[in-house]
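A note on names: the letters A, B, ... follow the listed sequences, proteins ahead of strands, and every chain is numbered from 1. For clarity, every value in this text was computed on a predicted model and none was experimentally measured.
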Amino acid sequence: MSHISCLISHVSSLNRIRVRFAPSPTGPLHIGGVRTALFNYLFAKHQGGDFLLRIEDTDQSRYVPGAEAYIMEALDWCGIKIDEGPREGGPHAPYRQSERKELYAGYAQQLIDSGHAYYAFDTSEELDALRNLAESKGETFTYNNLTRAGLNNSLTLPGSACESLLSSSAPHVVRFKMPENVVVEETDLIRGHVQFNTNQLDDKVLFKSDGMPTYHLANVVDDHLMEITHVIRGEEWLPSVPLHILLYRAFGWEQTMPRFSHLPLILKPVGKGKLSKRDGDQLGFPVFPLAWKDPETGDVSRGYREDGYLPDGFINMLSLLGWNPGTEQEIFSMDQLIQSFTLDRVGKSGSRFDPEKTKWFNHQYLIRHADTELATLFVPFLQSKCLEVPFELVVRVVGLVKERCHFVHEVWDQGFFFFQSPESYDEKMVSKRWKDGVPEMMEEIAGFFATIETWNAPEIKEPFSRFVTEKGWNFGTIMNSLRLCLVGGSFGPDIFEICEIIGKKETIARIQKAIAQLPGTN
RNA sequence: GGUCUGUUCAUCUAAGGGUUAGGAUUCAAGAUUUUCAUUCUUGCCAUAGGGGUUCGAAUCCCCUACAGACUACCA
């Protein structure tokens, strides 16, 4: 590579937008996590950049088997495409922090050598005791510039004692030496100017006694190594911004430090606090994209996919939680979202999650979806009922009933009578419509239907109307009673469409079945 | 407790010093559908409170209230 092209590639790599979604595999991804991934993805793709998935599994004690596979499957289902990740690979592999373990110790050492960090030998038990003691006095214990002088660390211990502790491999951690009275300022792309005084901060553990880095170290090191340009994450990370910035400074990486953006929280639909799994269970909506079976307890949590939501509608709903295009458009395809998405239109305040609007979005996507695709999604429901139905018929039924459905599975509720004779009759309708004389009228109608040659909706409707008029019967009674015979209740599409689809023989059979089964009134 | 962040209809939100504060969801009423749903029309409903600054504040500043996050060898 020539010097110039080398320079160019360096410059372009500096300009290329790179973002990451960095979940911890401690369980299924919830709505908030999916939205964070989505906003990262939209931001990157809007500018032709890269979206990486990095698995932050530095806490072995919280590792949940299956969680990582779940995260990837969920992103796949949502249509969020990963450019680099544990499964996809990439120039900065591995993308799983547990597999990058060796790397972090060197960086921790670098910080110790430069005086930005130190060894601490205090045990968890000792620190817990100090915290409890402080709490009993109504105070809070913090490991910081005020207390570190009185604790067990390489700052207080004589060099020789420290050496021997380390060489005897006594358990220890590495802590960041938080500087005194420094104001760290940052312009968050969503929140604007934020500032923190380091006096309020503590000496965070960077490297744990089990040989693993903490989130803070691993995150900063990996974001730097992976050339991440923008960190877009949940608001809960805002308080750690000063630590992260100080870390970039300590490493001498401030020039290429990513820009920060902190997304607002997603709140419960009712009550206080952020959205949790419990809310979903109580209010009857999923909080996970995919169903999840807890490997420990065996409990199954429902998912949007399994509940019949279409991924495009789900994504559309999520995109509008905390972001808006500034226009009155509400329905967006993924491509349109990529086109329109900018961080400056992300709001600062938390959004309450509204399951009703999610349903509405699904309905919107359902009625826009091609009938053949919906039919394909619906076929499994028919199979589960052991019904063999020609695909063309399924397509036709779906087209007829989809506008009255919120979910694919509701095609059954709205159109089961196209596939089988009603098994029961709505009682209210029976008592309201099945009155004196009605069975006789239905009998006559069945006879009349038998005489009709060409069996299609318009050619049934026209002579039928004439027949009813000539008889002088009340249309409301006839139509509703006929509907009762055919579908078992007071719902469904145009009655003549139903007649056409189920066929002449079946139409007549259903009328006769109703006459036989429903109570005679005289 | 401390630090940080936020607050416009019930809900998601628009309006970036000048509009009767706009749209969507929900809800209610009416029309359509000889059914139900859809659709259409209409209605209901908001700048957290108090001080400033200004000719003029949802918008800028301060205080209060409320809400949330963080305050682990978890992320």
Side-chain angles (χ1 to χ4, degrees), chain A residues 22-26 56-59 61-62 97 120 122-124 127-128 131 134-135 138-143 171-175 188 190-191 194-197 199-202 204-216 218-219 233-242 262 264-265 267 269-270 272-274 317 320-331 345 347-361 363 367 401-406 410 414 426 429 433 465 468 474-484 487 489-495:
Chain A
S24 183
T26 53
E56 309 226 326
D57 53 350
T58 51
D59 185 0
S61 67
R62 293 214 309 161
Q97 288 183 330
D122 321 85
T123 65
S124 303
L127 293 175
D128 282 344
R131 280 191 195 100
E135 199 175 325
E139 293 162 4
T140 313
F141 169 78
T142 20
Y143 209 122
H172 63 274
V173 301
V174 176
R175 282 183 184 270
D188 184 287
I190 291 172
R191 270 147 225 287
V194 286
Q195 64 176 47
F196 308 84
N197 188 307
N199 288 354
Q200 309 297 338
L201 273 21
D202 61 342
K204 275 273 177 295
V205 171
L206 299 177
F207 203 83
K208 302 184 269 188
S209 57
D210 65 0
M212 278 289 208
T214 59
Y215 168 82
H216 302 289
N219 192 262
R233 69 223 311 191
E235 190 184 352
E236 65 270 27
W237 293 109
L238 197 51
S240 54
V241 162
H262 291 86
L265 260 23
L267 279 10
V270 291
K272 301 174 176 183
K274 62 176 181 179
M317 174 279 294
L320 260 13
L321 228 49
W323 173 82
N324 76 81
T327 66
E328 280 172 7
Q329 183 179 353
E330 286 206 288
I331 303 296
R345 294 216 63 94
K348 299 176 188 176
S349 50
S351 338
R352 227 177 242 285
F353 180 71
D354 183 3
E356 284 304 317
K357 193 136 189 186
T358 310
K359 277 192 188 173
W360 179 81
F361 270 111
H363 174 74
I367 59 181
V401 304
K402 70 175 180 185
E403 67 182 19
R404 59 197 74 209
C405 299
H406 284 87
E410 285 176 356
Q414 295 296 331
D426 180 62
M429 276 296 285
R433 298 293 178 188
S465 305
V468 174
N474 177 291
F475 262 95
T477 308
I478 296 302
M479 294 298 279
N480 285 297
S481 304
L482 182 54
R483 180 174 290 280
L484 181 64
V487 313
S490 169
F491 56 90
D494 180 74
I495 198 121

**Asked** If we take the P atom in both B:C74 and B:G17, what is their distance in whole Å?
**Response** 47 Å
**Asked** Heavy atoms under 4.0 Å, any strand shown: does A:S240 hit a base, just sugar-phosphate, or nothing?
**Response** nothing
**Fill in**
note: A:R191, atom CZ; B:A69, atom P; distance rounded to Å ~ 13 Å
**Message:** What I'd like to find out is whether the side chain of A:E236 reaches to under 4.5 Å of the side chain of A:L265, using heavy atoms alone.
**Reply:** yes
**Request:** Would you mind classifying the nucleic acid contact of A:V205 as base, sugar-phosphate or nothing, using non-hydrogen atoms under 4.0 angstrom?
**Result:** sugar-phosphate
**Request:** Summarise how protein sits on nucleotides 7-14 of chain B as a single string, 5' to 3': B when a protein heavy atom is under 4.0 Å from the base, S for sugar-phosphate-only contact, - for no contact.
**Result:** S---SSSS
**Asked** Of all the nucleotides listed (B:G23, B:G6, B:U25), which has the minimum atom distance to the side chain of A:W360?
**Response** B:U25
**Prompt:** Just to confirm, is there a sub-4.0 Å distance from OP1 or OP2 of B:C74 to any side-chain nitrogen or oxygen of A:K208?
**Reply:** yes
**Complete:** By the Watson-Crick or G-U definition, both distances under 3.5 Å, B:G43 is matched with B:C27
**Request:** Counting Watson-Crick and G-U wobble pairs only, both distances under 3.5 Å, name the nucleotide matched with B:U38, or none.
**Result:** none
**Prompt:** For A:F361 and B:A24, what is the distance between atoms CZ and P respectively, to the nearest whole Å?
**Reply:** 13 Å
**Asked** If you measure from the P atom in B:U42 to the same atom in B:A57, how many Å do you get, rounded?
**Response** 32 Å
**Prompt:** For A:W237 and B:G68, what is the distance between atoms CH2 and C1' respectively, to the nearest whole Å?
**Reply:** 16 Å
**Pair assignment for B:A67, Watson-Crick or G-U wobble, requiring both distances under 3.5 Å** = B:U5
**Message:** Just to be sure I understand the rule, does A:V194 reach a base, reach only the sugar-phosphate, or reach nothing, if contact means heavy atoms closer than 4.0 Å?
**Reply:** sugar-phosphate
**Prompt:** Is it true that a side-chain atom of A:N474 and a backbone atom of A:T477 form a donor plus acceptor pair closer than 3.5 Å?
**Reply:** yes
**Message:** Taking only the P atom of each, what is the distance from B:A65 to B:U26 in whole angstrom?
**Reply:** 38 Å
**Request:** For B:A46 and B:U11, measure between their P atoms and round to the nearest Å.
**Result:** 12 Å
**Asked** Considering only the C1' atoms, how many Å lie between B:U19 and B:U3, rounded to the nearest integer?
**Response** 41 Å
**Asked** What are the two closest non-hydrogen atoms of A:D202 and A:Y143, and how far apart are they?
**Response** CB-O, 3.3 Å
**Prompt:** Which nucleotide sits closest to the side chain of A:E403: B:G2, B:U38, B:C73?
**Reply:** B:U38
**Asked** Is it true that atom CD of A:E135 has more than 12 heavy atoms of other residues, nucleotides or ligands lying nearer than 6.0 Å?
**Response** no
**Asked** Are any of A:R175's side-chain N or O atoms less than 4.0 Å away from OP1 or OP2 of B:A72?
**Response** no
**Prompt:** Where the side chain of A:F491 is defined as all heavy atoms beyond and including C-beta, which of B:C73, B:C36, B:U5 is the nearest nucleotide?
**Reply:** B:C36
**Message:** Quick check: on RNA chain B, is the nucleotide nearest A:P213 upstream (toward 5') of the one nearest A:N197, or the reverse? Name the residue that is more 5'.
**Reply:** A:N197
**Item:** Interatomic distance where CD belongs to A:Q200 and C1' belongs to B:A69 [whole Å]
**Value:** 16 Å
**Item:** Side-chain heavy-atom pair A:P264, A:K348 within 4.5 angstrom cut-off
**Value:** no
**Prompt:** Is it the case that A:Y215 and A:D59 place a side-chain donor and acceptor less than 3.5 Å from each other?
**Reply:** no
**Prompt:** Base, sugar-phosphate, or nothing: which does A:D122 touch, judged by heavy atoms less than 4.0 Å apart?
**Reply:** base
**Asked** Out of B:U5, B:G23, B:A75, which has the shortest distance to the side chain of A:L238?
**Response** B:U5
**Message:** Taking only the C1' atom of each, what is the distance from B:C44 to B:G2 in whole angstrom?
**Reply:** 44 Å
**Item:** A:S124 side-chain proximity, nearest of B:C73, B:U5, B:C36
**Value:** B:C73
**Complete:** Here the distance between atom C1' of B:C73 and atom OH of A:Y215, to the nearest Å, is 17 Å
**Message:** Please classify the nucleic acid contact of A:K274 as base, sugar-phosphate, or nothing, using heavy-atom distances under 4.0 Å.
**Reply:** sugar-phosphate
**Item:** Close side-chain approach of A:L206 and A:V173, heavy atoms under 4.5 Å
**Value:** no
**Prompt:** Considering only heavy atoms from C-beta outward, does the side chain of A:P493 approach that of A:V401 to under 4.5 Å?
**Reply:** yes
**Asked** Taking the side chain of A:S209 as its heavy atoms from C-beta onward, which of B:C73, B:G6, B:C74 lies nearest to it?
**Response** B:C73
**Request:** Using the P atom as the reference point in each nucleotide, state the distance between B:A21 and B:U25 in Å, no decimals.
**Result:** 22 Å
**Item:** Set of side-chain contact (heavy atoms from CB on, under 4.5 Å) partners for A:D354, sequence neighbours left out
**Value:** A:E356, A:K357
**Request:** Could you check if a side-chain atom of A:F361 sits within less than 4.5 angstrom of a side-chain atom of A:L320, using non-hydrogen atoms only?
**Result:** yes
**Item:** Sequence-aligned protein contact record of nucleotides 27-33 of chain B, with B where the base is within under 4.0 Å of a protein heavy atom and S where only the sugar-phosphate is
**Value:** -------
**Request:** Please indicate whether A:K359 has more than 12 foreign heavy atoms, meaning atoms of other residues, nucleotides or ligands, lying under 6.0 Å from its NZ.
**Result:** no
**Request:** Can you tell me the distance, in whole Å, between the CG atom of A:D59 and the P atom of B:C74?
**Result:** 5 Å
**Asked** So do A:E56 and A:P23 actually touch side chain to side chain, heavy atoms under 4.5 Å?
**Response** no
**Nucleotide B:C73, atom P - distance to NE2 of A:H216 in whole Å** = 10 Å
**Prompt:** Do A:H262 and A:R191 meet the criterion of a side-chain donor-acceptor pair at a distance under 3.5 Å?
**Reply:** no
**Prompt:** Taking atom P in both B:C4 and B:U8, what distance in whole Å separates the two?
**Reply:** 22 Å
**Message:** Need one value for A:G489: base, sugar-phosphate or nothing, where a base atom within 4.0 Å counts as base even if backbone is also close, heavy atoms only.
**Reply:** nothing
**Message:** For a quick check of understanding: with a heavy-atom distance under 4.0 Å over all strands, which category does A:P493 fall into, base, sugar-phosphate or nothing?
**Reply:** base
**Prompt:** In whole Å, what is the span from the CG atom of A:D202 to the P atom of B:G2?
**Reply:** 17 Å
**Prompt:** Can you find a side chain N or O atom of A:R131 that sits less than 4.0 Å from OP1 or OP2 on B:A72?
**Reply:** yes
